[in-house]
Asks: 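Just dropping this structure here.
Because the structure is predicted, anything quoted here is derived from the model rather than measured. A, B, ... follow the sequence lines: proteins, then strands. Residue 1 opens every chain.
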Protein chains: 2
Amino acid sequence: MPSTDTRTGPDARAVVTSEAVLDTALTLFAQRGYHGTALSQIAEILGIRTPSLYNHMRSKQELLETIVRQTLDHVLADFHAAVKGTDDPVVQLREATRVYALRHATHRREALIVNRDTTSLPEPALTAMRQRRREHERAIRSVIARGIESGTFAVGNAGLASFAILEMSVSIARWFREDGPRTAEQVADEYAEFALRIVRYRP
Amino acid sequence: MPSTDTRTGPDARAVVTSEAVLDTALTLFAQRGYHGTALSQIAEILGIRTPSLYNHMRSKQELLETIVRQTLDHVLADFHAAVKGTDDPVVQLREATRVYALRHATHRREALIVNRDTTSLPEPALTAMRQRRREHERAIRSVIARGIESGTFAVGNAGLASFAILEMSVSIARWFREDGPRTAEQVADEYAEFALRIVRYRP
DNA sequence: CTCGCTCCCTAGCGAGCGTTAGTCAGTGGG
DNA sequence: CCCACTGACTAACGCTCGCTAGGGAGCGAG
């Protein structure tokens, strides 16, 4: 949440941090998209004029790049932590899906921006970010492939299954509400179960 | 594909139809997003100047609205045709998923635009389009709910499952290639099978 | 007290946007 | 043959965009 000054009145003067700028950008980019958001809108919410934003950031593009890079790094870190403890494809796929789904429920704005606006990044950032996503997808795919090899999973094509699992999780960011009937953890558990069903793991 | 004049040379004069404008908009909106696309880019591809576009359309917004409305209408028509012949939830869910997935493979550009840029529509079109999507989602959900009631499906929550099934299908538009290893029909069949697995239908 | 730093402000630049108005060349039908 | 229509053009509009320059108020440290 943007931390503005507590003073009010005619000569109230907002005091803004770079975290507040990033947070507001997060909200607006998620709502209207990167190209659909003007810096003036970010500034207005923070209670300052547009040029003052430049005390806290270098450019609009840098804002987007920061958001995307941080998010993808977290996703990869989540994944590696999730699969670390075991070699069992069942546990690995369940855990990898669970943390991925959980992140999309708890960090909805970041997820929406990454999925909608990554392509608006300039090169070379675009290629770097695409590579991070591919890395994650390939890792999931190889977990499924090992499960197929060992006869634990029964699915025609590991690639198709990995796409389906990843993208159904991404969608959580679109509909999940914190004040809804289910907690983020409950939803993540359900989706982890869906993932195992897709690869037809029968306990 | 844009149908331009066959003449070439220094004084070649492009001749453009409104279908060609829509088609080019489809390609660019899908590639760069609605806000990320300028009319000048559409005009350049068609080989005309920007103002000439107005001989074939009313506004940029109208282009987007046409794309979204047509696509969602086709999705709903697909669905109703798919479930018409039977009351069996298994067949209905498989067919509904199959035609939805198939459309996302064969009409990738439309699907990408609907999913990314629907929120850029002005009211009241936005509400109308959201309602069409909800209608579709609710219809899928009720198929699943009937399957649960009859004991054919075993899944905790029909809503969660319907979201997962719909959104994994949407993702096809992101990776499918016509010249890839699988045909659109094959992919659609696989995803229809995934849908039944998610609701744990055991043949 | 005062110096220097932080961070806001106003003013303004240059570019690009979607859109309108008005013009003119080519084409097909009477 | 000519006239109306189609569909391109140039010119220009008002607006918004991201961003820069330069100035000044408030605050903490010495």
Asks: At less than 4.0 Å, is any side-chain N or O atom of A:His56 found next to OP1 or OP2 of C:dC8? Yes or no.
Replies: yes
Asks: For DNA chain D, determine which residues of residues 57-67 of chain A have any heavy atom closer than 4.0 angstrom to one of its atoms, and list them numerically.
Replies: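 Heavy-atom cutoff 4.0 Å gives A:Ser59, A:Lys60.
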Asks: Nearest-Å distance, NE2 (A:His35) to C1' (D:dC17)?
Replies: 12 Å
Asks: Taking only residues two or more places apart in sequence or in another chain, which ones pass ring pair (Phe, Tyr, Trp, His ring centres under 6.0 Å) with A:His35?
Replies: none
Asks: Show me the donor-acceptor pairs within less than 3.5 Å that the side chains of residues 172-181 of chain B make with the rest of the protein, sequence neighbours left out.
Replies:
{"residue": "B:Arg174", "atom": "NE", "partner": "A:Glu167", "partner atom": "OE1", "Å": "3.4"}
{"residue": "B:Arg174", "atom": "NH2", "partner": "A:Glu167", "partner atom": "OE1", "Å": "3.0"}

Asks: Which of these nucleotides, D:dG18, C:dA11, C:dG18, is closest to any side-chain atom of A:Pro51?
Replies: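 Nearest to the side-chain atoms of A:Pro51, counting from C-beta on, is C:dA11.
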Asks: Looking for any heavy atom pair under 4.0 Å, which part of the strands does A:Thr37 touch: base, sugar-phosphate only, or nothing?
Replies: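 The residue A:Thr37 makes sugar-phosphate contact but no base contact.
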Asks: Give the rounded distance in Å between these two atoms: CG of B:Leu53 and P of C:dT20.
Replies: 13 Å
Asks: Quick one: does A:Leu93's side chain get under 4.5 Å of A:Ile165's, heavy atoms only?
Replies: yes
Asks: State which residues pass salt bridge (Lys or Arg N to Asp or Glu O under 4.0 Å) with A:Arg130; sequence neighbours excluded, sorted by chain then number.
Replies: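 Partners of A:Arg130 under the salt bridge (Lys or Arg N to Asp or Glu O under 4.0 Å) test: none.
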Asks: When the distance from CD1 of B:Ile48 to P of D:dC9 is rounded to whole Å, what number comes out?
Replies: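 That distance rounds to 6 Å.
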Asks: Please report the distance, rounded to the nearest Å, between CG in A:Leu28 and P in D:dC17.
Replies: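 Taking atom P of D:dC17 as the reference, CG of A:Leu28 is at 12 Å.
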Asks: Any side-chain hydrogen bond (donor to acceptor under 3.5 Å, both in side chains) pairs touching residues 38-60 of chain B, not counting sequence neighbours?
Replies: B:Arg58-B:Glu62
Asks: When you measure from the side-chain N and O atoms of A:Thr50 to the phosphate of D:dC19, is any distance below 4.0 Å, counting only OP1 and OP2?
Replies: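 A:Thr50 to D:dC19 OP1/OP2: no side-chain N or O under 4.0 Å.
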Asks: Starting at atom CD of B:Glu19, determine the distance to atom P of D:dG7, rounded to an integer number of angstrom.
Replies: 11 Å
Asks: Between B:Glu44 (CD) and C:dC17 (C1'), how many Å, whole number?
Replies: 15 Å
Asks: Quick one: salt bridge (Lys or Arg N to Asp or Glu O under 4.0 Å) partners of B:Arg109, sequence neighbours excluded?
Replies: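 Listed in chain order: B:Asp23.
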Asks: With the side chain of B:Asn55 defined as its heavy atoms from C-beta on, choose the nearest nucleotide among C:dC9, C:dT19, D:dA8.
Replies: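 My answer, after comparing the listed nucleotides, is D:dA8.
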Asks: Think B:Ser52 has a side-chain N or O under 4.0 angstrom from the OP1 or OP2 of D:dC9?
Replies: yes
Asks: With a 4.5 Å cut-off on side-chain heavy atoms, are B:Arg132 and B:Val114 touching?
Replies: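 No - every pair of side-chain heavy atoms lies 4.5 Å or more apart.
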Asks: For the pair made of CG in B:Leu46 and P in D:dG7, what is the distance, rounded to whole Å?
Replies: 14 Å
Asks: DNA chain C: B:Leu39 or A:Arg49, which has the more 5' nearest nucleotide?
Replies: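 The residue mapped nearer the 5' terminus is A:Arg49.
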